[in-house]
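If you read the sequence from its start, that first residue is 1, and numbering goes on from there.
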Amino acid sequence: MRLMRLMTDAGLNRSDPDAARPRLGRQFKALHAAARKVELDQDLTVASFLSTYLPALPEFMDKITAAPAARFPKTRLHGGWLLWPPWATAT
């Protein structure tokens, strides 16, 4: 549910046949801006544990593993990694 809210808040689930698709960089900026507003847990936003950059995946996984369980008092430890489909890169 949070992922769908994140996509909605970022404006990435709307389609207008007359409008150009936003460039990939603009999509990522919108996604990260929206992630700063969606709470993952108490005093913790989705942006804290969100990665969209494939080369950073090992570091991201280490960050999740190293996070103390106490940081997630209302949920279990997890993170989000999103990979955009190839068609999303079209300009």
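L31 contributes atom CG, which lies 5.5 Å from atom CG of L50 (distance to the nearest 0.5 angstrom). In this structure, CZ on R36 lies 11.0 Å from CG on L6, to the nearest 0.5 angstrom. To the nearest 0.5 Å, the span separating CG on L12 from CZ on F28 amounts to 10.0 Å.
With sequence neighbours left out, R26 forms a side chain to side chain contact (heavy atoms under 4.5 Å, CB included) with P22. Under the side chain to side chain contact (heavy atoms under 4.5 Å, CB included) criterion, T8 pairs with N13, not counting sequence neighbours.
Between I64 and F49, the shortest heavy-atom contact is CG1-CD2, 3.9 Å. Of all heavy-atom pairs spanning K37 and R5, the tightest one is O-NH2, 4.0 Å.
Between the S48 side chain and the L44 main chain, no donor and acceptor come within less than 3.5 Å of each other.
For D62, the CG atom counts as densely surrounded, since its 6.0 Å shell holds more than 12 non-hydrogen atoms of other residues, nucleotides or ligands.
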